[in-house]
Amino acid sequence: MNRIFSGVQPTGDLHLGNYLGAIRNFVDLQNDYECIYCVVDLHAITVWQDPRELSHATREVTAAFIAAGIDPTTGIIFNQSQVAAHAQLAWIFNCVARLGWLNRMTQFKEKAGKHRENASVGLYAYPNLMAADILAYKATHVPVGEDQKQHLELTRDIAQKFNNDFGVEFFPMVEPLIFGEGTRVMSLRDGTKKMSKSDPSNQSRITFTDSADDIAKKIRRAKTDPDALPSDPDGLEGRPEAANLVGIYAALAGTTSASVLKEFGGRGFGDFKPALADLAVEKLSPISDEMRRLMADPVNIDAILADGADRACAIADPIRKEINDIVGLISA
Ligand code: TYM
């Protein structure tokens with residue numbers, strides 16, 4: 001059986017990269033798979049989080065999932081810390097994964113930077129928890145943006161080593177689902193850098209909480225070059241900012257860069273940016289409005305998370321017991 005699992009961290013405002021690379025695909029997949037979507041609060045605390053902001057951000061990501069079109073009654077939406085199997089399996093995987101594997105993780109190197117000695121142990125072991133998230137449900141497919149590819153390769157390595165070590169065919173080999181034109185949305189200020197929640201400039205990203213005005217302003221100020229748009233994608237070579245804006249347009253319109261350039265090739269950014277701003281507002285404003293409406297009733301959001309956690313537990317618990325049996329841990 002095919003089962004989807006994916007997660008989003010409740011750290012800061014969700015941005016266009018999260019939407020185009022992940023959340024929008026979550027919505028598209030829900031009719032064809034059993035889907036489990038998780039707000040990964042335990043991942044968030046691998047770097048310091050203000051407790052009040054963390055619970056607010058957890059509700060906000062939940063609201064974003066629902067506002068974007070995920071149905072919490074057919075799929076499952078919950079926050080990670082409510083299902084104990086994640087942390088328990090992560091510990092087992094801490095004992096399966098090798099130090100050398102984690103040392104190769106580029107996201108840890110980027111996040112810890114020069115302060116490696118001062119990074120939390122949790123930040124280092126983060127990919128093991130991510131593997132546990134997925135494999136606690138024996139999920140087979142994981143929709144993510146391009147930046148999570150390496151973590152999913154590690155998940156496969158962990159599953160394989162567990163199966164080999166214990167002589168079982170227990171965990172499936174997880175398939176990443178990285179698709180669409182928005183798998184790697186870049187910063188609006190620098191087309192060579194990923195759009196990210198941690199970029200100090202909020203002009204670098206469009207967020208779900210931006211007003212229509214903010215969105216238009218950010219796109220107007222986005223870095224570009226002086227040339228007109230080319231008429232086919234080869235002409236975007238060496239023009240990262242232009243390629244990014246065309247890619248964003250294509251992803252929002254549900255088409256390809258080639259067909260965007262058919263329409264806009266030969267025209268300058270003076271024409272293209274207002275069209276992009278209009279499209280971004282048209283697609284994002286209904287989601288932001290619905291998020292605001294949902295956020296006005298936090299009790300309802302918490303009830304959705306609690307219901308999702310119950311249903312997630314019902315899947316994870318029997319799997320957790322089988323894992324304990326395989327490892328030799330006694331459980332009731
Ligand atoms: P996070 O919270 O950083 O991002 C959530 C999702 O958004 C995608 N994404 C992007 N896609 C395109 N362009 C961008 N600029 C961009 N920035 C972010 C990410 O690829 C991701 O799909 N480790 C994960 C969360 C996680 C997880 C999991 C994911 C925890 N457990 C299990 C899948 C399965 C993360 O930090 O995502």
Side-chain angles (χ1 to χ4, degrees), residues 3-27 29 35-47 49 54 57-58 60-61 64-65 68 78-81 83 85-87 89-90 93 105-108 110-111 122-123 125-156 158-159 174-199 204-208 240 243-244 247-248 251-252 312:
R3 178 177 285 154
I4 295 253
F5 182 96
S6 198
V8 174
Q9 291 196 65
T11 46
D13 287 337
L14 288 175
H15 55 69
L16 194 59
N18 300 129
Y19 178 59
L20 296 176
I23 298 172
R24 199 184 46 170
N25 292 346
F26 297 176
V27 180
L29 291 162
C35 291
I36 306 173
Y37 295 127
C38 186
V39 187
V40 290
D41 48 8
L42 295 176
H43 277 96
I45 61 168
T46 56
V47 296
Q49 303 296 325
L54 177 62
T58 300
E60 205 162 65
V61 174
F65 281 175
F78 73 106
N79 59 311
Q80 188 183 25
S81 58
V83 179
H86 294 246
L89 187 55
F93 287 168
M105 294 296 113
T106 52
Q107 197 151 306
F108 174 75
E110 278 163 27
K111 282 202 175 173
L123 188 67
Y126 175 116
N128 295 345
L129 177 59
M130 184 162 158
D133 297 338
I134 299 163
L135 295 173
Y137 303 90
K138 292 176 123 183
T140 52
H141 294 78
V142 182
V144 281
E146 183 80 40
D147 62 339
Q148 295 301 315
K149 212 169 156 185
Q150 193 185 35
H151 287 157
L152 294 185
E153 280 158 14
L154 185 88
T155 299
R156 292 168 65 104
I158 289 174
V174 170
E175 291 294 336
L177 296 175
I178 301 174
F179 62 94
E181 285 279 323
T183 56
R184 190 169 176 81
V185 177
M186 309 307 275
S187 155
L188 298 179
R189 308 300 305 163
D190 177 351
T192 63
K193 266 175 42 191
K194 188 182 73 168
M195 184 177 284
S196 146
K197 290 172 200 160
S198 55
D199 191 314
S204 68
R205 58 185 168 262
I206 291 171
T207 71
F208 276 21
N244 188 37
I248 291 174
L252 285 169

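FYI, the numbering just counts along the sequence from 1. Counting convention: from 1, in listed order, for ligands and their atoms alike.
Every atom of ligand 1 with a heavy atom of Lys197 under 4.0 Å away is listed here by number and element: 2 (O). Near Val142, meaning under 4.0 Å from one of its heavy atoms, ligand 1 places the atoms 33 (C), 34 (C). Each of the following atoms of ligand 1 lies closer than 4.0 Å to a heavy atom of Arg184: 12 (C), 13 (N). Those atoms of ligand 1 that come under 4.0 Å of a heavy atom in Ala22, given as number and element, are 6 (C), 7 (O), 22 (O). Of all the atoms in ligand 1, the ones that sit under 4.0 Å from a non-hydrogen atom of Gln9 are 2 (O), 35 (C), 36 (O). Counting the atoms of ligand 1 from 1 in the order shown, those under 4.0 Å from a heavy atom of Gly182 are 12 (C). For ligand 1, the atoms lying closer than 4.0 Å to a non-hydrogen atom of Gly21 are 11 (N), 12 (C). Atoms of ligand 1 lying under 4.0 Å from any heavy atom of Ile134, numbered from 1 in the order shown and given with element: 32 (C), 34 (C).
Here the side chain of Arg24 pairs no donor or acceptor atom with the backbone of Tyr19 at under 3.5 angstrom. One N or O on the side chain of Thr58 and one on the backbone of Leu54 form a donor-acceptor pair closer than 3.5 Å. A donor-acceptor pair under 3.5 Å is formed between the side chain of Asn18 and the backbone N or O of His15. In terms of modelled atom types and a separation under 3.5 Å, the side chain of Arg189 and the main chain of Ser204 share no donor-acceptor contact. Listed for the Gln80 side chain is a donor-acceptor partner under 3.5 Å among the backbone atoms of Leu42.
Counting heavy atoms under 4.0 Å from ligand 1, residue Val144 touches it through both backbone and side chain. With a 4.0 Å cut-off on non-hydrogen atoms, Val40 touches ligand 1 through its side chain and not its backbone. Contacts with ligand 1 closer than 4.0 Å are made by side-chain heavy atoms of His43 only, the backbone lying farther away. Counting heavy atoms closer than 4.0 Å to ligand 1, residue Thr183 contributes backbone atoms (N, CA, C, O) but none from C-beta onward. Contact annotation for Asp133 and ligand 1: only side-chain heavy atoms (C-beta onward) come within less than 4.0 Å of the ligand.
Polar contact check, Lys194 against ligand 1: no nitrogen or oxygen pair lies under 3.5 Å apart. Considering both main-chain and side-chain atoms, Val185 comes within under 3.5 Å of ligand 1 through a nitrogen or oxygen pair. Remark: ligand 1 and His151 share no N or O pair separated by less than 3.5 Å (distance only, no angle test). Inclusion of Met186 in the set of residues having an N or O under 3.5 Å from an N or O of ligand 1 is not warranted. At least one N/O-N/O distance between Met195 and ligand 1 falls below 3.5 Å. Taking only nitrogen or oxygen atoms, main chain and side chain alike, Gln148 reaches within less than 3.5 Å of ligand 1. Backbone and side-chain nitrogen or oxygen atoms of Asp147 are examined, and one is located within less than 3.5 angstrom of a nitrogen or oxygen of ligand 1. At a 3.5 angstrom cut-off on N or O pairs, Gly145 counts as close to ligand 1.
Nearest approach of Arg3 to Ile36, heavy atoms of both residues: CD-CD1, 3.8 Å. The minimum heavy-atom distance linking Ser6 with Val144 is given by the pair OG-CG1, 4.0 Å. Closest non-hydrogen pair, Ala251 versus Gly182, comes out as CB-N, 4.0 Å. Pairing each heavy atom of Gln9 with each of Lys197, the nearest pair is O-NZ, 2.9 Å. Closest non-hydrogen pair, Leu89 versus Leu135, comes out as CD2-C, 3.9 Å. Taking both residues in full, the closest heavy atoms of Lys149 and Ile178 are given as CG-CD1, 3.9 Å, listed atom of the first, atom of the second, then distance.
Residue-ligand proximity: Gln80 is placed with every non-hydrogen atom at 4.0 Å or more from ligand 1.
Asp41 and Ser81 are linked by a side-chain donor-acceptor pair at a separation below 3.5 angstrom, with hydrogens and angles left out of the test. Gln150 and Thr106 share a side-chain donor-acceptor pair at under 3.5 Å.
Looking only at protein heavy atoms, the nearest one to atom 17 (N) of ligand 1 is His15 CE1, 3.5 Å. Nearest protein heavy-atom neighbour of atom 11 (N) of ligand 1: Gly17 O, 3.1 Å. Distance from atom 7 (O) of ligand 1 to its nearest protein heavy atom, with residue and atom name: Asn18 ND2, 3.1 Å. Here the protein heavy atom with the shortest distance to atom 23 (N) of ligand 1 is Tyr126 OH, 2.7 Å. Regarding atom 28 (C) of ligand 1, its nearest protein heavy-atom neighbour is Met130 CG, 3.4 Å. Closest to atom 25 (C) of ligand 1, if we only count protein heavy atoms, is Gly7 O, 3.5 Å.
Of the candidates Arg184, Lys193, Lys111, Lys194, Asp147 forms a salt bridge (Lys or Arg N to Asp or Glu O under 4.0 Å) with just one, namely Lys194.
Using cut-offs of 30° and 60° on the angle between ring planes, the pair Phe5 and His86 is tilted. Ring geometry for His151 versus Tyr126: interplanar angle of 30 to 60°, hence tilted.
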